Amino acid sequence: MCRYLLLVAGLAAALVLPGLAAAKGPDGASLTGPGLSQPITFSGDGEMGQGTPFGTLVFAGGFFPQMYGQSPDPRLKSRPKVTLGPRYTIVYTVPAGENVRSQVTQDVYPYAKPVPVTYMRPGQTFWGTQHTKGGWIRASAALKDALVQAGLPADPPLSSAGFWSAGAIGAFAGLFGVLAIGGAAILMRRTN
């Protein structure tokens, strides 16, 4: 009788555990950020490893340690002291059964030097009661390669805070206004 119960329990576990394991990884993601006219979308099985851009995004980007934790822990103790470059946002869709889907966000800095960096805010709720571990991950160059393969520009877009930023435009408009008023005053003096 005891062997029969162990056999039944083993079979039940064999049927249930693959479903639980498959529920841990994302089945979709959307990347938005500077230089993208529309989101870059990913779909499929995010647990399939680094054979696809989506699998590389999930694994090289640190999704699993940031979501669930991992031992040894690859997360950094604090924000890395590197130039991060432009920030992109990834929204992952994480299923947990047929009718349970959660979304979590991750920031990715694909142009960080010397390698890409990701950040997930700790405490994001998923599956109703679970919370992300969060933290910073120093990714591999494979992450940027996968994102470029999916449609990210190979080089960072020009910053909107460059020479023609809102502040620079405002300063030029103010200077132009002062020059126009000064010029008008000089013309009025000459005509009088």
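In this text, all values refer to a predicted model and were calculated from it rather than measured experimentally.
- Put simply, the side chain of W136 reaches to within 4.5 Å of the side chain of P80, judged on heavy atoms.
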**OP:** Would you please test T32 and Q38 for side chain to side chain contact (heavy atoms under 4.5 Å, CB included) and show each step?
**Re:** CA-CA 7 Å; T32 57; Q38 60 186 12; over 6 Å; no
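- Note that the CD atom of Q103 and the OG1 atom of T105 stand 9.5 Å from one another [nearest 0.5 Å].
- Looking at heavy atoms from C-beta onward, L152 lies in side-chain contact with P110 at the 4.5 angstrom threshold.
- Taking the six-membered ring for Trp, Y68 and F126 have ring centres closer than 6.0 Å.
- Contact of the L76 side chain with the R138 side chain is registered, since non-hydrogen atoms from C-beta on lie closer than 4.5 Å.
- Both F64 and W127 belong to a common hydrophobic cluster when Ile, Leu, Val, Met, Phe, Trp and Tyr are linked at side-chain heavy-atom distances under 4.5 angstrom.
- When all heavy atoms of V82 and P114 are compared, the pair lying nearest together is CG1-CD, 4.3 Å.
- For the pair P95 and G25, the tightest heavy-atom approach, listed with the atom from each and the gap, is CD-O, 3.5 Å.
- At least one side-chain heavy atom of M67 sits less than 4.5 Å from a side-chain heavy atom of V94.
- Looking at Y119 and Q106, their side chains never bring a donor and an acceptor atom within 3.5 Å of each other.
- Between the OG1 atom of T56 and the NZ atom of K144 there is a distance of 15.0 Å, given to the nearest 0.5 Å.
- A single hydrophobic cluster is not seen to contain both L57 and V117; linkage of ILVMFWY side chains at heavy-atom distances under 4.5 Å, directly or through other members, places them apart.
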**OP:** Take L31 and V108, measure what side chain to side chain contact (heavy atoms under 4.5 Å, CB included) needs, and give me the verdict at the end.
**Re:** CA-CA 9 Å; L31 175 77; V108 62; 3.7 Å; yes
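- For the atom pair CZ of R75 and CD of Q70, the computed distance is 9.5 Å after rounding to the nearest 0.5 Å.
- Looking at every heavy atom in both residues, P122 comes nearest to G135 through CD-N, 4.5 Å.
- Taking 4.5 Å as the limit, every side-chain heavy atom of Y88 sits out of range of all side-chain heavy atoms of P39.
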Subject >> Evaluation steps, side chain to side chain contact (heavy atoms under 4.5 Å, CB included), between D27 and Y92 >> reply: CA-CA 8 Å; D27 66 358; Y92 288 100; over 6 Å; no
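- Between P153 and L36 the shortest side-chain heavy-atom distance falls below 4.5 Å.
- Inter-residue side-chain proximity for L147 and I40 is flagged as unmet; no heavy-atom pair is nearer than 4.5 Å.
- Contact detail for A139 and A60: the closest heavy-atom pair is CB-O, 3.2 Å.
- Contact record, Y111 with P156: CE2-N, 3.4 Å, taken as the closest heavy-atom pair.
- More than 12 heavy atoms of other residues, nucleotides or ligands sit less than 6.0 Å from atom CZ of R101.
- Put simply, the side chain of L143 does not reach to within 4.5 Å of the side chain of Y109, judged on heavy atoms.
- Of all non-hydrogen atoms in A150 and P53, the two that sit nearest each other are CB-CB, 4.4 Å.
- Rounding to the nearest 0.5 angstrom, the gap separating the OG1 atom in T52 from the CZ atom in F42 is 9.0 Å.
- Not one N or O on the side chain of S71 forms a donor-acceptor pair closer than 3.5 Å with the backbone of D73.
- With hydrogens and angles disregarded, a donor-acceptor distance shorter than 3.5 Å links the side chain of T118 to the backbone of G61.
- Here the CD1 atom belonging to I137 is positioned 12.0 Å from the CZ atom belonging to F63, to the nearest 0.5 angstrom.
- Atom CD1 of I90 and atom CG of D107 lie 8.5 Å apart (nearest 0.5 Å).
- For the residue pair Q66 and T132, no side-chain donor N or O sits within less than 3.5 Å of a side-chain acceptor on the partner.
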